[in-house]
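Structure first, then comments.
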Amino acid sequence: MASMDTSNPPSAAARRAAAIARHLAGLSPRAAAAPVVERSACLSYTPPDSAEPAPAFSTLELRALLDGHHLRERDWVFGAMEESPLFCPRRRGGKVFVSPDYNEGKEGQREATMRRVGHLARRGVFRGWLTDPGAEAELRKLALLECLGIYDHSLAIKIGVHFFLWGSAIKFLGTKRHHDKWLADTESYAIKGCFAMTELGHGSNVRGIETVATYDSKTREFVINTPCESAQKYWIGGAANHATHTIVFAQLHINGRNEGVHAFVAQIRDENENVLPNIQIADCGHKIGLNGVDNGRIWFKNIRVPLENLLNLVADVLPDGQYVSMIDNPDQRFAAFLSPLTLGRVNIAVNAVYISKVGLAIAVRYALSRRAFSITPDGPEMLLLDYPSHQRRLLPLLAKACLMSSASNFMKRMYVKRTPELNKAIHIYSSALKATLTWQNMTTLQECREACGGQGLKTENRIGIFKAEFDVQSTFEGDNNVLMQQVSKALYAEFLAAKRKKQPFNGLGLEHLNGTRPVIPDNLTSDTLRSSRFQMDLLRLRERDLLKQFAEEVSNYLARESREKALMLSYQLAEDLARAFTERTILQIFLDDEKNVPAGSLKVHGLSSYKLMIR
Ligand SMILES: Cc1cc2nc3c(=O)[nH]c(=O)nc-3n(C[C@H](O)[C@H](O)[C@H](O)COP(=O)(O)OP(=O)(O)OC[C@H]3O[C@@H](n4cnc5c(N)ncnc54)[C@H](O)[C@@H]3O)c2cc1C
């Protein structure tokens with residue numbers, strides 16, 4: 001330590017002047033003695049890709065398995081984003097990182113989203129999305145939207161509302177006249193569509209909506225009206241700023257009779273984006289996330305739309321006011337009107353898994369470079385991922401994300417090959433997987449956020465902002481809890497049908513219920529616990545027991561209550577059963593997928609380790 005000369009101490013002013021001089025020269029008080037802060041291992045950074053040994057399997061093969069399809073198209077759309085300043089690319093270490101600026105205000109984010117949509121449209125990303133026929137075209141569209149969703153949730157939702165809600169309603173609820181008039185213009189963004197189903201007073205309970213469309217046979221028009229405040233359309237994506245057209249869900253009244261919920265097309269803005277007369281629009285305001293989407297509220301003051309604007313595949317009104325439908329049962333007719341939501345659910349489920357993967361990639365990479373504490377005197381501090389506790393926090397989530405990838409690919413393949421016979425299964429699987437995969441995404445993101453410590457809170461590091469951006473996935477296009485109730489109700493119906501017809505279970509993977517109860521061995525060795533057979537048996541056993549208990553409980557209540565009330569009172573078993581069904585389904589799909597992977601390193605070192613990490 002240098003000794004101090006105290007015989008003639010400098011004045012305070014002299015000390016301050018010396019400090020300022022040192023500061024201006026860029027030197028700290030100790031700088032003369034120790035000129036540089038030493039580089040510390042805990043602050044050094046080497047990208048894990050170069051510091052860690054290469055994996056024992058091909059990551060390209062793993063990517064092909066997890067992405068499942070259209071790898072080249074995915075890379076192409078990533079390229080289309082990286083090349084444009086609209087996507088805020090930053091180049092570092094030979095890589096391009098793209099991410100929106102979430103620090104922008106609500107209006108700035110909305111306009112940025114719309115400009116990005118414009119860029120993608122000009123690049124031809126949406127070509128054929130509604131007009132190309134066949135499963136291949138649908139899978140391509142889904143692949144591209146998945147990539148856009150990895151970039152930004154608002155971008156994917158803005159596009160999803162336009163194509164998957166407005167576009168699917170025109171395509172699947174409309175007939176040739178609607179297709180001819182609107183599909184091509186939707187694909188080119190000549191018009192911008194939105195989807196007005198939810199109202200302030202009714203969200204999950206769509207059947208209770210209060211907007212009315214009254215048929216006027218004299219003018220062959222429908223008069224659409226918002227009769228009360230609770231009937232205002234609420235949360236409508238695209239309505240606040242940009243949409244020119246909307247699908248309006250309303251109760252159809254003909255000659256004083258209510259025929260139930262139907263879908264109509266209405267224009268809400270002109271080509272200069274001015275709101276049309278007798279339509280009132282307000283903004284839903286700032287949200288906790290998804291601020292790049294302009295959600296709005298809409299009131300209709302007796303606007304008139306022509307008879308042709310009824311989407312008439314399911315039911316039609318003849319000019320004289322006669323109501324005709326190919327579906328007699330009102331419940332089934334109502335269910336048919338909700339069909340555009342299915343594609344949205346499939347996409348939400350897939351998107352949730354991708355976001356879990358992004359969160360996990362960030363958290364695992366951080367854990368491979370961040371060091372904290374040393375367990376030996378003077379030894380280097382440990383990498384976070386070398387802590388068994390940290391592995392335990394992240395790796396089972398990684399395994400689950402990979403299993404859920406298989407499930408989401410299965411769902412997509414089933415959806416694009418849909419037939420009328422598959423509709424029930426598609427509804428059940430898409431409801432179950434949408435709920436489970438989006439809940440799992442939130443659990444994963446929270447763990448990833450904490451695993452990154454304070455850095456997880458920085459918007460720039462993405463995970464924290466993802467929590468706010470993707471939280472809404474559990475609510476829109478079917479609230480998760482309500483969807484899971486529908487799953488257990490459907491399983492109950494399968495149970496009753498099998499019993500009544502004295503026929504074995506067939507479909508939904510329930511065939512295991514036809515066999516004997518799986519036996520759990522008394523002596524549980526480590527090998528047994530890790531075997532696929534044992535894990536599958538456990539999940540099947542749980543599902544079997546819960547279905548039986550649920551059916552018994554409902555039947556007990558039915559002795560004195562209505563069917564609706566009996567199901568409502570059995571909510572706890574209903575929730576447990578729906579979860580048990582979904583988790584068994586997810587494992588079963590993964591094991592089936594695994595069988596199809598050719599023998600090799602991916603099977604041995606990649607997939608088998610996922611099964612070991614499940615908990
Ligand atoms: C950002 C955002 C964007 C949206 N975009 C659109 C859009 O473009 N178009 C559109 O039409 N809608 C849109 N929505 C609306 C969305 O679909 C609804 O919010 C959703 O259907 C839930 O309705 P709700 O908000 O009224 O909740 P509610 O139905 O009131 O549910 C509230 C809670 O009650 C529970 N609950 C409800 N019913 C039951 C029951 N029977 N048993 C037990 N519990 C129950 C639910 O689980 C939930 O937790 C959007 C919503 C948001 C937040």
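Since the structure is predicted, the reported quantities are computational estimates derived from the model, not experimental observations. Computed from heavy atoms alone, side chains included, the values below leave out hydrogens, waters and symmetry copies. Numbering of ligands and ligand atoms starts at 1, following listing order.
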Inset, instruction - Would you check whether N205 has a nitrogen or oxygen atom less than 3.5 angstrom from a nitrogen or oxygen atom of ligand 1? - result: no
Inset, instruction - Pick one of side chain, backbone, both or neither for how D479 approaches ligand 1, counting any non-hydrogen atom pair under 4.0 Å. - result: side chain
Legend entry - Cation-pi check, K412 onto Y415 ring (under 6.0 Å, within 45° of axis): no
Inset, instruction - Give a yes or no on whether the ring-centroid distance for F87 and H119 is below 6.0 angstrom. - result: yes
Inset, instruction - Please state whether Q485 comes within less than 4.0 angstrom of ligand 1, counting heavy atoms only. - result: yes
Legend entry - Protein residue, atom and distance nearest to atom 31 (O) of ligand 1, heavy-atom basis: S204 OG, 3.9 Å
Legend entry - Among W166, F163, Y189, ring pair (Phe, Tyr, Trp, His ring centres under 6.0 Å) partner for W129: F163
Legend entry - Criterion ring-ring contact (aromatic ring centres under 6.0 Å, His included) on Y429 and F410, from CA distance to verdict: CA-CA 10 Å; Y429 282 131; F410 162 88; 5.3 Å; yes
Inset, instruction - Identify, for atom 3 (C) of ligand 1, the protein heavy atom at the shortest distance, and state residue, atom and that distance. - result: N295 ND2, 3.3 Å
Legend entry - Closest protein heavy atom (residue, atom, distance) for atom 39 (C) of ligand 1: V482 CG2, 3.9 Å
Inset, instruction - Would you confirm whether the ring centroid of Y215 sits within less than 6.0 angstrom of the ring centroid of Y323? - result: no
Inset, instruction - Output yes when the distance from some N or O of ligand 1 to some N or O of F195 is under 3.5 Å, and no in every other case. - result: yes
Inset, instruction - State whether any protein heavy atom lies less than 4.0 Å from atom 35 (C) of ligand 1. - result: no
Inset, instruction - Distance to 0.1 Å, residue and atom name: give those for the protein heavy atom nearest to atom 18 (C) of ligand 1. - result: T198 OG1, 4.1 Å
Legend entry - atom 15 (C) of ligand 1 touched by protein heavy atom at under 4.0 Å: yes
Inset, instruction - Within a distance under 4.0 Å of any heavy atom of M197, pick out the atoms of ligand 1 and give their elements. - result: 11 (O)
Legend entry - R413, CZ: over 12 other non-hydrogen atoms inside 6.0 angstrom: yes
Inset, instruction - Applying side-chain hydrogen bond (donor to acceptor under 3.5 Å, both in side chains) between K106 and each of D294, D283, N291, report the one that passes. - result: D283
Legend entry - Presence of salt bridge, K548 and E552, under 4.0 angstrom: yes
Legend entry - Salt-bridge contact R584-E543 (side-chain N to carboxylate O under 4.0 Å): yes
Legend entry - Residue E477 vicinity, atoms of ligand 1 by number, heavy atom under 4.0 Å: 17 (O)
Inset, instruction - May I ask you to check whether over 12 heavy atoms, not counting those of R304, lie within 6.0 Å of atom CZ? - result: yes
Legend entry - Side chain, backbone, both or neither: T475 near ligand 1, heavy atoms under 4.0 Å: both
Inset, instruction - Could you find the nearest protein heavy atom to atom 21 (O) of ligand 1 and give me its residue, atom name and distance? - result: G203 C, 3.8 Å
Inset, instruction - Compute the shortest N/O to N/O distance between W235 and ligand 1 and return yes if it is under 3.5 Å, no if not. - result: yes
Inset, instruction - Look at atom 8 (O) of ligand 1 and say which protein heavy atom is nearest, naming residue and atom and giving the distance to 0.1 Å. - result: G237 N, 3.0 Å
Inset, instruction - Step through it carefully: locate the ring centre of F195, locate the ring centre of F249, and say whether they are under 6.0 Å apart. - result: yes
Inset, instruction - Return the residue, atom name and 0.1 Å-rounded distance of the protein heavy atom closest to atom 1 (C) of ligand 1. - result: V472 CG2, 3.7 Å
